Amino acid sequence: MSGSPSGARGWRFVHTVAYVGWALSIGHAVLAGTDATQPWMLALVIGSVTLVLGALSFRLRSQAAHTESALSASRRRGAATASHVRSRG
């Protein structure tokens, strides 16, 4: 499914909707749930939020590192091209 551009868009859409649904379910559990004040429920909510935020943080850091390394490589190629042009001129 993710091999084509439309498949990748669909995959991204499904995951975005899943994140929104998860956030709504956490909000419902905390604000409207009858067990919201029970220790086991608080542990589940805190654990779930901690894991999702940790995974999101990891994803954003690894994506930033990938973007930064691609930018560095692009700058190196640009510098090499510029020095090649100067040496020929």
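The model shown is predicted, which means the values in this text are computed figures rather than measured ones.
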Single-linkage hydrophobic cluster, 4.5 Å side-chain cutoff, [X] and [Y] together:
X	Y	result
Leu42	Trp22	no
Val30	Leu44	yes
Phe58	Leu53	no
Tyr19	Val45	yes

Original post:
Rounded to the nearest 0.5 Å, what separation is found between the CG atom of Leu31 and the CD1 atom of Ile26?
Top reply: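 Here the rounded value is 10.5 Å.
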Original post:
Roughly how far, to the nearest 0.5 Å, is the CG atom of Asp35 from the OG1 atom of Thr37?
Top reply: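 Output value for this atom pair is 7.5 Å.
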Original post:
Is the side chain of His28 donor-acceptor paired with the backbone N or O of Leu24 at a distance under 3.5 Å, no angle test?
Top reply: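 The answer is no, because no donor-acceptor pair under 3.5 Å joins these two groups.
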Subject >> Chi angles and distances behind the side-chain hydrogen bond (donor to acceptor under 3.5 Å, both in side chains) call for Arg61, Ser57 >> reply: CA-CA 6 Å; Arg61 279 195 319 260; Ser57 173; 2.8 Å; yes
**OP:** Kindly give the heavy-atom pair with the smallest separation between Ala29 and Ala36, and that separation in Å.
**Re:**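 Of all heavy-atom pairs spanning Ala29 and Ala36, the closest is O-CB, 3.4 Å.
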